[in-house]
J.: 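Here's a structure for you.
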Amino acid sequence: MSTDRRKPYPFDRIEAKWQQFWDTHATFHAPNPGEPGFDASKPKYYVLDMFPYPSGAGLHVGHPEGYTATDILSRFKRMNGFNVLHPMGWDAFGLPAEQYAIKTGQHPAVTTARNIDMFRGQLKRIGFAYDWQREVNTTDPGYFRWTQWIFLQLYHSWFNPASNRAESITTYPGPDPDSVRLAYVAEVPVNWCPALGTVLANEEVIEGKSEVGGHPVERRPMRQWMLRITAYADRLISELEGLQWPESIKLLQRNWIGRSEGAEVAFAIEGTPHSVRVFTTRPDTLFGATYLVLAPEHALVSEITTPEQHAAVEAYQQGCRSKSDLERTELAKEKTGVPTGAFACNPVNGQRIPVWIADYVLTGYGTGAIMAVPAHDSRDFEFATKFGLPILQVVQPASPDEDWKGFTGEGTAVHSGFLDGLPTAAAKKEITRWLESRSLGKGTIQYKLRDWLFSRQRYWGEPFPIVWEEGAHRAIPDSELPLTPPEIEDFRPTGTPEPPLSKARDWVRYSDRATRETNTMPQWAGSCWYYLRYCDPQNSGRFVGREAERYWMGADAASPTPGGVDLYVGGTEHAVLHLLYARFWHKVLFDLGHVSSPEPFQRLVNQGIILGEDGQKMSKSRGNVVNPDDVIADYGADAFRCYEMFMGPLEQMKPWSTTGVEGVSRFLARVWRLAMDENQSGEWVRSAALAEVAPDKAQNKVIHATIKKVGEDIETLSFNTAIAQMMIYVNTFTSASPRPVSAVRTLLQLLNPFAPHLTEELWAQLGFEGLVADQPWPAYDPAALVEDELELVVQINGKVRDKLLVPREASSQQIEAAALASPKAREWTADKSIRKVIVVPGKLVNIVV
RNA sequence: GCCGGUGUGGCGAAAUGGCAGACGCAAAGGACUUAAAAUCCUUUGGGGAGCAAUCCCCGUGCGGGUUCGAGUCCCGCCACCGGUACCA
């Protein structure tokens, strides 16, 4: 398909040539402070792409969409006098490499290296201005050494609630530091995936199935490494505030963290020494609590169940245990539960209320027990209706005719003793105070967010820098980093929770008495801090040099933001996973004084998904996958780049169109022919139409309007309209003869960030000095945009009836008079009286009759 | 259910509350050519009147509203796409 087709311009010859040139001259290398060539007088700009997982399938057209956007911006910023950091690397630990290794027996390191070479080659063929000297690879020991080091920072720290930040564990005053470390071991119910042979984080489980592969996941208690992300729940929410992120992403994170203010209330269990603590966001409805529900797994169930109910309760618990999470959610339509036979005492009025167990109460949230207020909670209402439990209204809705049954909104307290008449908000405060004064409860805040399950039973991941001795864990010294995984023949999961690393007996044995931890870290670990490593990728003494970190990640004197990556572009799929984990690690490093900004990513933009030509999601099975290599072979990298940007707004989902690529390719060919003619023997030579003449007034207006619009559009990432404006520019000059050389020169500068190969080649062909990429961005002349005469629209009652040419300096009165005198206006207002005339200077006149 | 996003020509789309459809694709006609490709020029939201230059009516998912003026702002719906799901 790509072979014999005549090229509209010789992109095949020029693209490889310029890519080679940039490579050998390291054109886009950004020196660090202190390095030769570093210019301290320039401001910095850090543009970051989400680095890819180098899969065997190679790059697809979705990757380069965001990459092209950042590439244009970074080239633009560079031309505007910034020191630009624009790096690329590889998130190369992960399941697919390991599964491929299991299938073929090839070491994951081998396939990973091969895939990286393929990806790098593909990215270079698109002509991205990455600083390849800063390439990072999460599987490189020189890299993961520092991933392990950061893990140890977490291990050696605790979150001090008094200072609201992480501190060295040595400042912890309590007797058991292991109970407060940010990295800790716990026996917890985890998501165990038998098919993958590993546990998964909550974030990696979608509707009871593994995100990777869609295998069933079951819950079982296991000893695992956890990271105490919940300590940061509050800051992870509140510090979203100042970030320039899409509101929808901020909301997604807030919902994921799930902060709820409420109260804990203790209910004494009749005839036992026990009391059940419940969490509620509606303590104001306490008078309406007509029963309690414990999660089936709640520790007190066996203690309080009466002998008569024992069998029924056991059976119910057994039933829940055998159900997977998936079944539990599938069967969630109908509420189930059994009474324990026990009764509790409602502390506010002494009411005797039954205690039930039901699986609609979750063990992992709050206290694993609730007070049921069926009148004001839809789930409790459903349950109470089914089992004939009493329903007692204690909140009166504001609008009286609203059905109070199941009313979950706010209103006025009724049937609530001393709370009667109080609006919901006040009633919450009052009852909380009442409970606190009697030590029956207290105001609390709950989060949906759980601690981050951080260990995996995999081979292809970072080993933990931890050893065990007599049941106790301890860190290995920094001097033993990096801790590389052992060489083993068999990467297969053991099928049991025993990790594959345990097969490497020699490696596991640390000393006579100590053995190594055999779990590995999840894939997220490496991506939690790669943006920091880019700042100083070769540093062997520190995860990132202090000065480099301060320069690239620090607050810019010119900007009001507290620092961090200036622009981060990537897909929405990382809204709550990578972006939350990275913020967490960054805050820990910030608290410990290792980085200078509290947030890693100041401005975030999500590129939209590119659909197949049929408007469907691209997939192998649909056969609608577009391969960037094919597009580049047929139309060239510049056309590929420009088309991806011309398709529509960056953040929007949009379908691929081959004819659309052709259109953009034609545009680039027209640019080529502005400068070049084809002679008799089919060679491209300098166009005869080019001349050293000044653009005329109309041409000049297009030139300066385009400089203005393209610059503004790049800043707002509106690349589609920037390209449209450059098309207008080209259309203006295609027919011009003589054709001002200066106009072509300016166009090459404006187009360079979009089509770097084509513009660099023409720049050289026309004999201009140096590289276009090194030119300063052109400035526009506002005076050139001003017309001597303005065309105004004359409207009658808001409908356009005529147009009017008036001098630029015409006054409102003169414009009004001219409009009223226009033949059309006369016609339309003939037998009517004019009620009002609105003059919008420079725009229109509206005559209201 | 709940939360978020999006609805504009045949298609991708554009439009600080001020000429809806820029720019591109597709389509049709023409020029060049022995021919085709490529290239260049013209037309292209729908309907209507006129020999014509032109002119009129309708039109941004639907129904209301604010305004001299609404694709844009407000209220109420509908459809599609994403996310989420017993979080008390």
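Proteins come first, then strands; the chains are lettered A, B, ... in the order of their sequence lines, and each starts at number 1.
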J.: Answer yes if the ring centres of A:Tyr643 and A:Tyr635 are under 6.0 angstrom apart, and no otherwise.
T.: no
J.: Can you establish whether the number of heavy atoms outside A:Lys386 located under 6.0 Å from its atom NZ is more than 12?
T.: yes
J.: In whole angstrom, give the distance that lies between atom CE of A:Met653 and atom P of B:G82.
T.: 6 Å
J.: Would you call B:G10 syn or anti, using the 90° rule around 0?
T.: anti
J.: Atom OH of A:Tyr360 and atom P of B:A88: how far apart are they, to the nearest Å?
T.: 13 Å
J.: Using the closest heavy atom to pick a nucleotide of RNA chain B for each, name whichever of A:Gly648 or A:Tyr447 lands nearer the 5' end.
T.: A:Gly648
J.: CG of A:Leu650 versus C1' of B:A13: gap in Å, rounded?
T.: 15 Å
J.: Relative to the 5' end of RNA chain B, which residue comes earlier, A:Thr280 or A:Leu252, by the nucleotide with the nearest heavy atom?
T.: A:Leu252
J.: Base contacts versus sugar-phosphate-only contacts with protein, heavy atoms under 4.0 Å: please encode nucleotides 23-36 of chain B as B, S and - from 5' to 3'.
T.: BSSS----------
J.: Both distances under 3.5 Å, Watson-Crick or G-U wobble: on that basis, could you give the dot-bracket string for RNA chain B, with [ ] for crossing pairs and | for other-strand partners?
T.: (((((((..(((.....[....))).(((((.......))))).(((((....)))))..(((((..]....))))))))))))....
J.: Whole angstroms only, please: what is the CE-P distance between A:Met647 and B:C11?
T.: 16 Å
J.: Taking C-beta and beyond as the side chain, do A:Trp672 and A:Leu668 meet within less than 4.5 Å on heavy atoms?
T.: no
J.: Near RNA chain B, which residues from residues 839-849 of chain A have a heavy atom under 4.0 Å away?
T.: A:Val840, A:Lys843, A:Leu844, A:Asn846, A:Val848
J.: Any non-hydrogen side-chain atom of A:Gln725 less than 4.5 Å from a side-chain atom of A:Ile728?
T.: yes
J.: Take the protein atom CH2 of A:Trp656 and the nucleotide atom P of B:A13, then report the distance between them rounded to whole Å.
T.: 14 Å
J.: Closer than 4.0 Å, any side-chain N/O of A:Arg673 to the OP1 or OP2 of B:A38?
T.: no
J.: Tell me the interatomic distance from A:Phe383, atom CZ, to B:C86, atom P, rounded to whole angstroms.
T.: 16 Å
J.: To check you understand the geometry: which heavy-atom pair defines the closest contact between A:Ser260 and A:Phe279, and what is its length?
T.: O-CZ, 3.8 Å
J.: Going by the rule salt bridge (charged side-chain N to carboxylate O under 4.0 Å, His left out), which residues pair with A:Glu264 if we only count those two or more places apart in sequence or in a different chain?
T.: A:Arg277, A:Lys442
J.: A:Trp828 near the nucleic acid: base, sugar-phosphate alone, or nothing, with a heavy-atom cut-off under 4.0 Å?
T.: sugar-phosphate
J.: Give A:Arg801 one of three labels, base, sugar-phosphate or nothing, depending on what nucleic acid heavy atoms sit under 4.0 Å from its own.
T.: sugar-phosphate
J.: Over how many whole Å does the gap from A:Asp713 atom CG to B:A15 atom P extend?
T.: 8 Å
J.: Please work out if A:Thr572 contacts a base, only the sugar-phosphate, or nothing of the nucleic acid, heavy-atom cut-off 4.0 Å.
T.: nothing
J.: Checking contacts here: which listed nucleotide (B:G18, B:A13, B:C86) is nearest the side-chain heavy atoms of A:Lys335?
T.: B:C86
J.: Within the structure provided, determine whether A:Val661 and A:Phe640 are in side-chain contact (heavy-atom separation under 4.5 Å).
T.: no
J.: Would you verify whether the NZ or CZ of A:Lys335 falls within 45 degrees of the ring axis of A:Phe383 while also being under 6.0 Å from that six-membered ring's centre?
T.: no
J.: Measuring from the side chain of A:Pro649 (C-beta onward, heavy atoms only), which nucleotide among B:C86, B:A15, B:A13 has the closest atom?
T.: B:A13
J.: Is A:Asn720 close enough to B:A14 that one of its side-chain N or O atoms is under 4.0 Å from OP1 or OP2 there?
T.: yes
J.: Mind listing the side-chain donor-acceptor pairs of residues 248-255 of chain A below 3.5 Å, one per line with the distance, residues two or more places apart or on another chain?
T.:
from: A:Lys250; atom 1: NZ; to: A:Leu240; atom 2: O; distance (Å): 3.4
from: A:Lys250; atom 1: NZ; to: A:Glu241; atom 2: O; distance (Å): 3.1
from: A:Lys250; atom 1: NZ; to: A:Leu243; atom 2: O; distance (Å): 2.8
from: A:Gln253; atom 1: OE1; to: A:Arg583; atom 2: NH1; distance (Å): 2.7
from: A:Gln253; atom 1: NE2; to: A:Ala575; atom 2: O; distance (Å): 2.8

J.: I need the minimum non-hydrogen distance between A:Trp452 and A:Ile229, along with the two atoms involved.
T.: N-CG2, 3.8 Å
J.: How many Å lie between CG on A:Leu804 and C1' on B:C19, as a whole number?
T.: 13 Å
J.: Checking ring-ring contact (aromatic ring centres under 6.0 Å, His included) for the pair A:Phe387/A:Tyr291: CA distance, chi angles, key distance, verdict?
T.: CA-CA 11 Å; A:Phe387 292 103; A:Tyr291 61 101; 9.0 Å; no
J.: According to a strict under-4.0 Å criterion, is A:Lys836 in side-chain N/O contact with OP1 or OP2 of B:C68?
T.: yes
J.: Counting any heavy atom closer than 4.0 Å, what does A:Lys824 reach on the DNA or RNA strands: base, sugar-phosphate only, or nothing?
T.: sugar-phosphate
J.: Within residues 792-799 of chain A, find the residues that approach RNA chain B with a heavy atom at under 4.0 Å, and present them sorted by residue number.
T.: A:Val793, A:Gln795, A:Lys799
J.: Given side chains that start at C-beta, do those of A:Trp245 and A:Leu579 come closer than 4.5 Å, heavy atoms only?
T.: yes
J.: Can you tell me if A:Ser260 touches the phosphate of B:A88, counting only side-chain N or O atoms and a distance under 4.0 Å to OP1 or OP2?
T.: yes
